Amino acid sequence: MNGRPATDGPAHYHGHRARLRERLLQAGSEAVADYELIELVLFRAIPRRDVKPLAKTLIARFGSFAEAIAAEPARLAEVEGMSQGAIAEFKIVEAGAKRFAKGVARKRLPVGSFSAVIDYCRTAMAFDAREEFRVLFLDRKNGLIADESQGVGTVDQTPVYPREVVRRALELSATAVILVHNHPSGDPTPSTQDVKMTLDIIAVAQPLGVAVHDHIIVGRDGHASLKGLRLI
């Protein structure tokens with residue numbers, strides 16, 4: 001006897017981490033809950049602690065995996081236990097998701113699937129804290145030429161200049177565009193200003209041979225299509 005207490009062996013959460021990784025790899029993402037996906041992200045940044053309580057706290061605070069991952073770093077830092085390393089891991093996942101969605105969108109286009117466009121737009125901007133206006137520039141076969149941000153504003157307003165949108169379409173030899181912006185409030189319901197701005201762009205674009213296929217608004221609570229709502 002050397003007077004020192006016996007060790008208890010590996011911490012209990014090590015086995016949990018291995019099982020969770022195995023379940024993800026064998027059964028796919030649908031087999032793990034949102035908080036468990038967050039655990040998997042936190043494992044690298046916090047290697048020597050049970051992160052399940054922190055993961056559940058993040059879900060309770062932000063609402064879902066996507067909303068937690070996309071939260072502003074300052075808001076994440078307010079949660080006890082979120083180190084700078086953990087926040088960086090979240091931002092890496094967010095950047096990877098956006099890059100992946102953009103790559104998939106390019107491969108899937110021509111834009112024949114409305115659901116594919118919605119999936120891409122929601123991944124790219126539905127959870128952003130500030131309003132952003134983007135334009136998908138399309139060729140004659142509805143192939144994606146470019147996806148560009150035309151402006152980032154405040155939590156509820158982004159300045160948009162119709163002539164600049166159309167000028168850029170002509171520079172890219174685009175024959176059609178899909179307008180997209182997000183509502184950080186979460187509610188994608190179009191405002192009167194949204195409709196007016198869209199009609200202003202159509203008025204400038206149409207005489208120059210550029211069609212406006214749709215204006216899609218995305219938010220945490222879903223999406224709205226001005227064409228689907230027969231507002232354009």
Side-chain angles (χ1 to χ4, degrees), residues 29-41 54-79 82 87 90-91 93-102 104-105 108 111 113-136 147-160 177-199 201 212-232:
S29 61
E30 296 301 316
V32 294
D34 271 16
Y35 79 87
E36 291 175 319
L37 276 176
I38 288 184
E39 283 188 81
L40 287 161
V41 176
L54 175 57
K56 289 187 173 182
T57 297
L58 288 162
I59 291 294
R61 175 153 187 172
F62 296 106
S64 69
F65 172 82
E67 289 171 289
I69 291 295
E72 292 291 314
R75 293 191 64 204
L76 290 169
E78 294 172 357
V79 179
M82 283 297 287
I87 293 171
F90 276 34
K91 296 301 105 180
V93 171
E94 182 186 18
K98 290 182 176 181
R99 189 72 57 86
F100 176 79
K102 189 168 187 176
V104 170
R108 284 184 180 174
V111 184
S113 169
F114 182 73
S115 62
V117 175
I118 294 299
D119 288 345
Y120 168 60
C121 294
R122 281 182 55 78
T123 300
M125 58 199 302
F127 301 99
D128 288 353
R130 292 187 298 168
E131 189 168 299
E132 181 181 9
F133 182 80
R134 304 180 73 89
V135 181
L136 307 184
D147 162 24
E148 296 183 354
S149 174
Q150 298 295 304
V152 177
T154 61
V155 295
D156 61 1
Q157 188 175 18
T158 303
V160 178
V177 297
I178 296 176
L179 312 175
V180 188
H181 83 277
N182 63 312
H183 281 178
S185 67
D187 180 4
T189 303
S191 67
T192 302
Q193 181 59 33
D194 291 337
V195 178
K196 180 182 182 303
M197 179 263 291
T198 307
L199 294 174
I201 293 176
V212 177
H213 282 345
D214 203 348
H215 185 169
I216 298 168
I217 303 171
V218 295
R220 292 188 302 275
D221 300 334
H223 70 272
S225 158
L226 267 66
K227 183 177 182 180
L229 293 171
R230 299 185 178 182
L231 294 174
I232 59 174

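Note that the structure is a prediction, hence the values are computed from the model and not measured.
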task: Quick one: do E148 and V135 satisfy side-chain contact (heavy atoms from CB on, under 4.5 Å)? Show the steps, please.
output: CA-CA 6 Å; E148 296 183 354; V135 181; 5.8 Å; no

- prompt: From L136 CG over to I216 CD1, what is the distance, rounded to the nearest 0.5 angstrom?
  reply: 7.5 Å

- prompt: Is there a side-chain contact (heavy atoms from CB on, under 4.5 Å) between T192 and K196 once you walk through the steps?
  reply: CA-CA 6 Å; T192 302; K196 180 182 182 303; 5.5 Å; no

- request: In sequence, state the C-alpha distance, the side-chain angles, and the governing distance for R75 and E78, and then conclude on salt bridge (charged side-chain N to carboxylate O under 4.0 Å, His left out).
  value: CA-CA 5 Å; R75 293 191 64 204; E78 294 172 357; 5.2 Å; no

- prompt: Counting only heavy atoms not in K227, do more than 12 fall under 6.0 Å of its NZ?
  reply: no

Partner set under side-chain hydrogen bond (donor to acceptor under 3.5 Å, both in side chains) for H213, not counting sequence neighbours: N142

- prompt: Shortest non-hydrogen contact from M82 to L76?
  reply: CB-O, 3.4 Å

- request: Heavy atoms only: give me the nearest L231-P190 pair and the separation to one decimal.
  value: CD1-CG, 4.1 Å

query: So which heavy atom on R130 is nearest to which on P184, and how close?
result: C-CG, 3.5 Å

- request: Looking only at non-hydrogen atoms, find the nearest pair between A71 and F62 and report the distance.
  value: CB-CE2, 3.6 Å

message: Which label fits H215 and F133: parallel for a plane angle under 30°, tilted from 30 to 60°, or perpendicular past 60°?
response: perpendicular

Heavy-atom side-chain proximity of H183 to E131 below 4.5 angstrom: yes

- prompt: Just how far is it from atom CG of L54 to atom CD1 of I38, taken to the nearest 0.5 Å?
  reply: 8.5 Å

message: Testing the 3.5 Å rule here: is there a donor-acceptor pair between the side chains of D187 and S185?
response: no

task: Please test F65 against V32 for side-chain contact (heavy atoms from CB on, under 4.5 Å), starting from the C-alpha separation and ending with a verdict.
output: CA-CA 11 Å; F65 172 82; V32 294; over 6 Å; no

- prompt: Quick one: does D194's side chain get under 4.5 Å of H181's, heavy atoms only?
  reply: yes

- request: Determine whether I69 and F127 make a side-chain contact, defined as any pair of heavy atoms from C-beta on separated by less than 4.5 Å.
  value: no

statement: Scanning both residues in full, the closest heavy-atom pair of K91 with P73 reads CD-CG, 4.3 Å

task: Identify, with sequence neighbours excluded, every residue that meets side-chain hydrogen bond (donor to acceptor under 3.5 Å, both in side chains) alongside D34.
output: none

message: If I take atom SG from residue C121 and atom CG from residue L179, how far apart are they, to the nearest 0.5 angstrom?
response: 10.5 Å

message: I need the R220 CZ to N182 CG distance, nearest 0.5 Å.
response: 10.0 Å

- prompt: When rounded to the nearest 0.5 angstrom, what is the spacing between CD1 in I217 and OG1 in T198?
  reply: 7.0 Å

Where P188 and D221 come nearest, the two heavy atoms and their spacing: CD-CB, 4.4 Å

